Amino acid sequence: MDKKFLTIGETAKMLGVSVDTLRRWDKEGILNSVRSSKKGHRYYSEQDVYLFGKDLFDLAEEWALREVGIEPESSLYCSTNDVFQNRLVGMQNLLAGIPNLSTPFSLIVALVGEIGNNSFDHNLGNWRDIPGVFFGYNIEKKYIVLADRGQGLLRTLQRVKPNLKTHDEAMQVAFTDVISGRAPESRGNGLKFVKNIITTNPLNLLFESGDAKLVLQKGDLELRITEKIPPVHGCVAMLEF
Amino acid sequence: MLIQLKKFGTTLSSRPAGKEAYLAFSPTLREIKEGEHVDIDFEGVIVLGPSWADEFLTPIVDQYKDKVSLLNADNPSVKATLELLGQIRK
């Protein structure tokens, strides 16, 4: 896509917000403009504005549903764990600047880090087609989205629990059973950590793997898992904070 | 021995980074004398996640057991991570 730029007025119209809001978002790093000089006019990349206005969860889910994978747009794509860690710190810096967050930002970052780390730790060398994770967030709308085109929870957990048969069962195990002992798989407790944080803080999580879909929130004692049709390739997660 | 985690970074999240930190620090860990206390200080850590902690802290706690003390562990992500590692070790 050729890089096209919009004026601040055109951008405000497209997103349905005021010019002042765009200036504030630019200052806060929520939607960055491009300026020819420090005092020059603000311009916005058409691609950035399009992605900002689009629902990131829809984009992530569409990506995870594709029969044949393609690389996501570069601002939403972490091909390696190093890129992911770097962008995680970028998100951390933005969250740290928000006053009165109802959940401590360190918990949100640790939780999101764990979901992304899981994707890399469990799928390295085994990606379905496109390596890495889709990682996007909208600080203004207070949500974060992650997705991968990896093996999904069922195939990953079958390595330590070969009797698992369905995505639903795998989701239960991933979020509730503490896998102790270090062999043959020392990893596999990251999603318990995610559950501990979600159920004790004002957060909502949507997590999809294969044909299983989990909705989790504060105070939940049991997992609410429903069928996800069509199934996703890998995992998709959305955290609302 | 005093181990200041902030010297490894302030966002301690990934498993590869935790493993690398442990390997890099292993020669220093070998200097710990028998019976010596190991103080792990979380002061300055902004985010700690269980993947990093499992690679770095778990082997140290496994080896030095009740000789290990945890200092300044009041950051919410540090607390949540230590709680989970405690559940796994049960």
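Below, chains carry the letters A, B, ... as their sequence lines are ordered, and counting in each starts from 1. The figures that follow rest on heavy atoms only: side chains count, while hydrogens, waters and symmetry mates do not. Everything numeric in this text was worked out from a predicted model, so none of it was measured.
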Under 4.5 Å to a heavy atom of chain A? For B:L48 that would be backbone

Between the OG1 atom in B:T81 and the CD1 atom in A:I197, the distance rounded to the nearest 0.5 Å is 7.0 Å

dist A:N117:CG -> B:S51:OG (nearest 0.5 Å) comes out at 4.5 Å

Tightest non-hydrogen contact, residues B:P76 and A:L107, listed as O-CD2, 3.4 Å

By residue number, those in residues 22-35 of chain B with heavy atoms under 4.5 Å from heavy atoms of chain A are none

Tightest non-hydrogen contact, residues B:P50 and A:F193, listed as CG-CG, 3.4 Å

If you apply the rule side chain to side chain contact (heavy atoms under 4.5 Å, CB included), what do you find for A:N81 with B:R15, and how did you get there?
CA-CA 10 Å; A:N81 201 349; B:R15 208 165 266 282; over 6 Å; no

Nearest heavy-atom contact between B:P16 and A:D121 is CD-OD1, 4.0 Å

If one checks every heavy atom of A:V89 against chain B at 4.5 Å, the contacting part turns out to be side chain

Within the supplied structure, the quantity of interest is the number of heavy atoms (other residues, nucleotides, ligands) at a distance under 6.0 Å from A:E222 CD; does it exceed 12?
no

Discussion item. Could you check whether atom CD of A:Q217 has more than 12 heavy atoms from other residues, nucleotides or ligands sitting under 6.0 Å from it?
Written reply: yes

- For atom CZ of A:R128, is the number of surrounding heavy atoms from other residues, nucleotides or ligands below 6.0 Å larger than 12? yes

Highest number of heavy-atom pairs under 4.5 Å with chain B among A:E114, A:Q92, A:Q85, A:K192 belongs to A:E114

Between A:N189 and B:L84, the two heavy atoms sitting closest are O-CD2, 3.7 Å

A:L88 vs B:S13, test: side chain to side chain contact (heavy atoms under 4.5 Å, CB included). Steps then yes/no. CA-CA 9 Å; A:L88 187 67; B:S13 172; 3.8 Å; yes

Any chance NZ of A:K141 has more than 12 other-residue heavy atoms, nucleotides or ligands included, within less than 6.0 Å? yes

